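We number each residue from 1, following the sequence as shown. Just so you know, these numbers come straight off a predicted model, no measurement behind them.
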Amino acid sequence: MVFAATNHFDNAILDYLHCARLQHAAHQDTVEHLASALQDFLQASVPLIQLGSLLTKLETLMIALPASKDTSKSIPAKLQRYPLQTDTQTLDDVLCPLCYRLLYQPLTTPCGHVFCRPCLYRSLDQNTRCPWCRFSLTEVLAEQRQNTTVAIEYLLQTHLQEEYQKRLRAHQQELGVTSDDLRQPTATISIFVCAFAFPEQPCPLYIFEPHYRLMIRRCLESGSRQFGMCFPCGDESGKSYSHIGTLLEITNVQFLEDGKILLECSGKRRFQVLKESWVDGYNVASVRWIIDEPTPLQDKARLQEIHDETFGLAQRFFQYSVFRQTRLRIGNLPASSALHEYSENGPSWLWICISVLPLGPQFRLNQLSCTSVRQRLLWLRDWFVVNNNPFAILAMSSFF
């Protein structure tokens, strides 16, 4: 009976695809035929996890239908009327072979095996072959397919609603921070321990370590597209990284065939780490945002003078020949403006100077943690005054 129902369903799919593509007049009759064939097939009591190629064919059928992100709307109404025969189906039939939990966002590989999409990509972080049959899945890695196997997902959402909702909540907890969480005074964010990053400055990254690739995918899937970056410490304090960092927002992402990731990021806000922890091999931390203190009204005129003086020193400093490559890379410093026209992080040109000048780690940490625009400008002004001589500039040539 299973073999006959399988052939019947196969033929019905082929007929439907033919009519759907050609907009054949017999389209409605073909839908009736497909619905009847699906009913016969499901009554054959085939375990869900063994459907294999047939479910892949059904997903191909869904692609032929009008595009829709809503799975239920992608399935013809006739197909939704028939209940599945689940008496012989157990939870064992719909468990992911990698995490041994209910399939979530089931993804069928080109070799016909079904896994949770997040679990499959975690496995591919370690090895680019199918965990079941060792078939090469570099194509899947490069495409980072976001679609799921519609037939299996529909069956789970329809007939295992309670279990599927529990699995959904567990996955959302794994994703961590959302965009709404980042609007609070404190938040828990993922931490990428690599180098210094600065507000309003571009930060290209090459992600190759498996745990950080997992972190980036979760940032993208959660919708926040943001994570923190801190400088590694390795000092006697026992900290693995500095507790002052910058929140980065992903502006562009490219997945390579071997699973590695190219990112274009932009610095957003500064933060201080309150508590460290780990999740699946990468750092997460509870942080509070660092916000500049408002300048008293009576001090604004003097602050503007300090700003203009420091900006003039920076412009003259960058005219030296040793900074030629730096000018080609970042262009000219942005035009000076009144202080009230800058963002909450203060003058953007100041962060450009901090990012490209040969400054020590402690100087940069002090600038990131400082909540006074005046103090940051004075520190940088003093640095320009001390180093504005031929000997100091000559010594910098090795840095650039």
Side-chain angles (χ1 to χ4, degrees), residues 48-53 55-57 59-60 62-63 69 71 93-153 156 164 167-168 170-177 190-194 204-227 248 250 252-265 278-284:
L48 180 59
I49 202 64
Q50 298 177 9
L51 299 188
S53 61
L55 291 171
T56 304
K57 295 173 186 177
E59 185 172 16
T60 304
M62 299 309 169
I63 296 173
K69 295 182 179 179
T71 300
D93 297 324
V94 288
L95 293 183
C96 170
L98 291 175
C99 68
Y100 297 101
R101 295 183 293 178
L102 188 71
L103 284 165
Y104 176 73
Q105 297 179 342
L107 179 63
T108 304
T109 63
C111 49
H113 299 113
V114 184
F115 307 93
C116 299
R117 184 166 61 83
C119 295
L120 176 61
Y121 283 116
R122 288 193 67 176
S123 174
L124 296 180
D125 285 339
Q126 309 295 334
N127 193 306
T128 58
R129 295 185 176 274
C130 172
W132 195 265
C133 69
R134 318 311 294 170
F135 182 83
S136 177
L137 298 180
T138 54
E139 179 184 348
V140 176
L141 269 175
E143 294 179 0
Q144 286 291 307
R145 299 174 181 173
Q146 300 300 310
N147 58 309
T148 58
T149 303
V150 177
I152 297 181
E153 191 166 44
L156 294 173
Y164 191 83
R167 182 69 177 88
L168 174 62
H171 179 70
Q172 289 174 338
Q173 289 178 352
E174 293 172 356
L175 291 181
V177 68
S190 305
I191 301 294
F192 181 42
V193 182
C194 181
L205 294 172
Y206 174 60
I207 309 297
F208 59 90
E209 295 176 280
H211 51 283
Y212 284 134
R213 285 152 58 177
L214 170 64
M215 182 192 81
I216 295 302
R217 287 198 304 272
R218 286 178 173 175
C219 287
L220 294 171
E221 187 175 350
S222 69
S224 70
R225 300 179 69 90
Q226 296 180 341
F227 60 94
L248 296 180
I250 300 171
N252 193 23
V253 58
Q254 179 183 353
F255 293 92
L256 306 181
E257 288 190 359
D258 57 1
K260 298 179 176 65
I261 308 173
L262 295 177
L263 292 180
E264 292 180 13
C265 304
W278 284 76
V279 171
D280 295 328
Y282 60 87
N283 292 280
V284 296

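- The CZ atom of Phe192 lies 8.0 Å from the NE2 atom of His211; values are rounded to the nearest 0.5 Å.
- By the 30° and 60° cut-offs, the orientation of the rings of Trp132 relative to His113 is tilted.
- For the side-chain contact (heavy atoms from CB on, under 4.5 Å) with Pro106, the lone residue among Leu120, Val114, Val94 that qualifies is Val114.
- Atoms CZ and CZ, on Phe255 and Arg213 in that order, are 10.0 Å from each other to the nearest 0.5 Å.
- Panel note: side chain Thr149, backbone Thr108; a donor-acceptor pair is recorded below 3.5 Å.
- Residues Arg122 and Glu174 are not paired through a salt bridge, judged by the lack of any N-O separation under 4.0 Å between the basic side chain and the carboxylate.
- Distance alone, capped at 3.5 Å, is enough to place a donor-acceptor pair between the Arg225 side chain and the Ile250 backbone.
- In plain terms, the two heavy atoms of Leu103 and Phe115 that are nearest each other are CD2-C, 3.7 Å.
- Here CG of Leu137 is found 7.5 Å from OG1 of Thr128. Values are rounded to the nearest 0.5 Å.
- One finds the CG atom of Leu205 at 11.0 Å from the OH atom of Tyr212 (value rounded to the nearest 0.5 Å).
- Atoms CE and CG, on Met215 and Asn283 in that order, are 9.5 Å from each other to the nearest 0.5 Å.
- Summarising the geometry of Leu98 relative to Cys119, their closest heavy-atom pair is CD1-O, 3.6 Å, with the distance given to 0.1 Å.
- The aromatic rings of His171 and Tyr104 sit tilted relative to each other, their planes meeting at an angle between 30° and 60°.
- Taking CG from Leu248 and OG from Ser190, the interatomic distance works out to 12.0 Å, rounded to the nearest 0.5 Å.
- Using modelled atom types, one side-chain atom of Arg167 and one backbone atom of Leu102 make a donor-acceptor pair closer than 3.5 Å.
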